[in-house]
Number of protein chains: 2
Amino acid sequence: MSDSPSGEDKLIARFFGPIATDPGALGLTDDAAFIKPPPGTEMVLKTDAIVSGIHFFPEDPADAVAQKALRVNLSDLAAKGAKPLGFLVSLALPKEIDEAWLSAFASGLREDAATYKCPLFGGDTVRSPGPIMVSVATFGSVPEGRMVRRAGAKAGDHVFVTGTIGDAALGLKLRQGASWPLDEKQREHLLSRYLLPRPRNALTQAVLDYASASMDVSDGLAGDLAKLCRVSKVAAGIEVARVPLSDAAQAAIAHDAALIEPALTGGDDFEILCTVSPANIDRFRVAAMMARTAIADIGVIGEGEGAVFRGADGQPMTFTRASFSHF
Amino acid sequence: MSDSPSGEDKLIARFFGPIATDPGALGLTDDAAFIKPPPGTEMVLKTDAIVSGIHFFPEDPADAVAQKALRVNLSDLAAKGAKPLGFLVSLALPKEIDEAWLSAFASGLREDAATYKCPLFGGDTVRSPGPIMVSVATFGSVPEGRMVRRAGAKAGDHVFVTGTIGDAALGLKLRQGASWPLDEKQREHLLSRYLLPRPRNALTQAVLDYASASMDVSDGLAGDLAKLCRVSKVAAGIEVARVPLSDAAQAAIAHDAALIEPALTGGDDFEILCTVSPANIDRFRVAAMMARTAIADIGVIGEGEGAVFRGADGQPMTFTRASFSHF
């Protein structure tokens, strides 16, 4: 009988083999891979999936789809203070997908695997009668016992977020047909933030060293902060005026003030939300500066329950829906 | 604003929390989990996905779907000589899925997590406009540097398989409407072997101790053996008469001799295929007996290329298609 590789094996070897740069991945020629976490560390594990028509548009470029799938996971590692070690990917593909799509997908993945030093350790490619789905499982390393949790925020801690909030949610509205008086650069900014997360892995060490609690913002700032407060058993008071907004988001909100709500509750920011004790704030600021990552102090943690967002008028805002859920 | 958990969080806490029994899973209340492999070991990593309409039938019971998704991964760990440490799961669900389905799915998963000592470390549940897809990433442990590879078979080694071959492929044909003169028990046997793999994790230690090369049979014995030979750079000669067949498979083949081909080339066996050097064969046999796992010596490894299956007439068989691929 023939000993030539099957279609799937050939496809994997050709497109994904070059991303499997770690010796433990055995060039994807085996059923499994092996890895030994560095001495004194433990492994942080995370899985997140994206589905066409839900988390991205069917017409999005394949390289961006691959990068989104990996980056939503890398964002979690960053928020946990974990350095990427590698990832596994499961790819469900409809029949229409051609080699050009796969080639672009693999090249997006390869680029990010190099950028984030996160090589591929294995994958599974299956046929699906439905939409494209990409499920990634990432693993990273933290010094033993040091993974930064959602629980851990204490009364008196300050609340920080990286980058800017709300861009992706507004970008999604643009994709869905919203029309606001934005210039081309502003429009591109919001669209690109929806298309492609920019996880804050540069801030990993600062989070590990100084955050009392941390998570990434994937389901909207308001809802994710509420989750952090719930498991930390604290309350948070946020000054909306201090929430960092891009020039583009500001322009959209200046046109329609109601857009502050999707900015604060919409999903897909992939920024880090963390709390820092007063004693560590200065060091955290310096570390963030060294990591060239913008951070903003948006409020404080107190005793109690829930997260309150105070508008410019000093009054608590109420949101139609607290948290964005793709589900 | 409200601090009540979102729909997805509630659903995860209720259905999947009880399966996350390891302290590192933090009861699924965090974004990620952590794990420290036992001293002197390294981690083995694997991901495999199953899709409704491709790898299982939409009407299959939810608990069996969950167990199939986990077991196809556990089967790889067993073949690599790795003990399960835990798993991550991504679940894409169409809107029609109700709580009863999810509850049954979780209960199947919980049962297997306990049976195989493989707790849940995290998951992602996403809405899909397409079919149910379950992607599992498993991790196990082997003594450092000892993962059993596909490469490693040497001329003179004997080729072993566990259990029986071809049942699942014939079970799938029954599901697709094939009609053979089988009694009810035979029919049930083939159907159940397709519905629910029985991975050979009991044989893990014996494989680790004695196999020179190993993989699980998921894409058909003929094709998978060809893969093992290719990376080991050897040839294999198999006596078809020695390939273990269940009473049910024998009855089907007695009725239609052509069914030997799907039995040898069909997928979903989830048996272990391994090679053992002559010096280790007796010890391997004893270890398998102690592990209460049936093994059969089906042929030998030689110099050269490819896998040859010799029929009862002593002539090499030729197969229409060498290997089963869901892709």
Side-chain angles (χ1 to χ4, degrees), chain A residues 1-3 6-8 29-37 42-49 51 53-54 76 79-80 88 90 92 121-131 133 135 137 142 144 147 149-150 215-216 222-223 226 229-231 305-307 309 318-319 322-323 325-327, chain B residues 1-3 6-8 29-37 42-49 51 53-54 76 79-80 88 90 92 121-131 133 135 137 142 144 147 149-150 215-216 222-223 226 229-231 305-307 309 318-319 322-323 325-327:
Chain A
M1 60 163 299
S2 161
D3 70 339
S6 74
E8 189 194 347
T29 60
D30 210 295
D31 312 277
F34 58 88
I35 189 173
K36 187 164 174 58
E42 58 195 13
M43 281 176 82
V44 172
L45 306 166
K46 173 69 187 181
T47 189
D48 250 333
V51 177
I54 305 280
D76 282 296
K80 302 289 105 182
L88 301 168
S90 276
F121 275 76
D124 187 28
T125 310
V126 295
R127 181 65 68 215
S128 169
M133 169 168 174
S135 175
V142 286
E144 217 170 308
M147 186 180 92
R149 319 264 177 103
R150 282 189 191 174
M215 66 187 294
D216 75 332
C229 287
R230 194 158 52 240
V231 293
E305 276 184 12
F309 284 70
T318 50
F319 300 121
S323 173
S325 174
H326 290 290
F327 191 74
Chain B
M1 59 163 298
S2 160
D3 71 338
S6 73
E8 190 195 346
T29 61
D30 210 296
D31 312 277
F34 58 88
I35 189 172
K36 188 164 173 59
E42 58 196 13
M43 281 174 83
V44 172
L45 307 166
K46 172 67 187 183
T47 190
D48 249 334
V51 177
I54 304 281
D76 282 296
K80 301 289 107 182
L88 301 168
S90 277
F121 274 75
D124 188 27
T125 310
V126 295
R127 182 63 71 214
S128 168
M133 168 168 174
S135 175
V142 285
E144 217 170 308
M147 187 180 92
R149 320 265 176 102
R150 281 188 191 175
M215 67 187 295
D216 75 331
C229 287
R230 194 159 52 241
V231 292
E305 274 184 15
F309 284 70
T318 50
F319 301 121
S323 174
S325 175
H326 290 291
F327 192 76

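Order of the sequence lines sets the chain letters (A, B, ...), proteins ahead of strands, with each chain counted from 1.
- Atom CE of residue B:Met43 and atom CE of residue A:Met43 lie 4.5 Å apart, to the nearest 0.5 angstrom.
- Ranking B:Ala49, B:Gly130, B:Ala137 against chain A, the residue ahead of the rest is B:Ala49, based on heavy-atom pairs under 4.5 Å.
- Scanning for side-chain hydrogen bond (donor to acceptor under 3.5 Å, both in side chains) contacts around B:Thr47 gives A:Ser90, with sequence neighbours left out.
- Here B:Pro131 is the residue among B:Gly122, B:Pro131, B:Pro37 with the most heavy-atom pairs under 4.5 Å with chain A.
- If you measure heavy-atom distances from B:Val44 to chain A, the contacts under 4.5 Å come from both the backbone and the side chain.
- With a 4.5 Å cut-off on non-hydrogen atoms, A:Asp76 touches chain B through its side chain but not through its backbone.
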Side chain to side chain contact (heavy atoms under 4.5 Å, CB included) evaluation trace for A:Leu45 with B:Ile35: CA-CA 8 Å; A:Leu45 306 166; B:Ile35 189 172; 3.7 Å; yes
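- Residue B:Met147 touches chain A through its side chain alone, counting heavy-atom pairs closer than 4.5 Å.
- In terms of heavy-atom pairs under 4.5 Å with chain A, the best-connected choice from B:Glu144, B:Arg149, B:Lys46 is B:Arg149.
- Of the listed residues B:Gly53, B:Pro129, B:Ala92, the one with more heavy-atom pairs under 4.5 angstrom with chain A than any other is B:Pro129.
- With sequence neighbours left out, the salt bridge (Lys or Arg N to Asp or Glu O under 4.0 Å) criterion links B:Asp31 to A:Lys80, A:Arg150.
- In terms of heavy-atom pairs under 4.5 Å with chain B, the best-connected choice from A:Asp48, A:Thr29, A:Val231, A:Asp216 is A:Asp48.
- Between A:Ser128 and B:Val51, the closest heavy-atom pair is OG-CG1, 3.9 Å.
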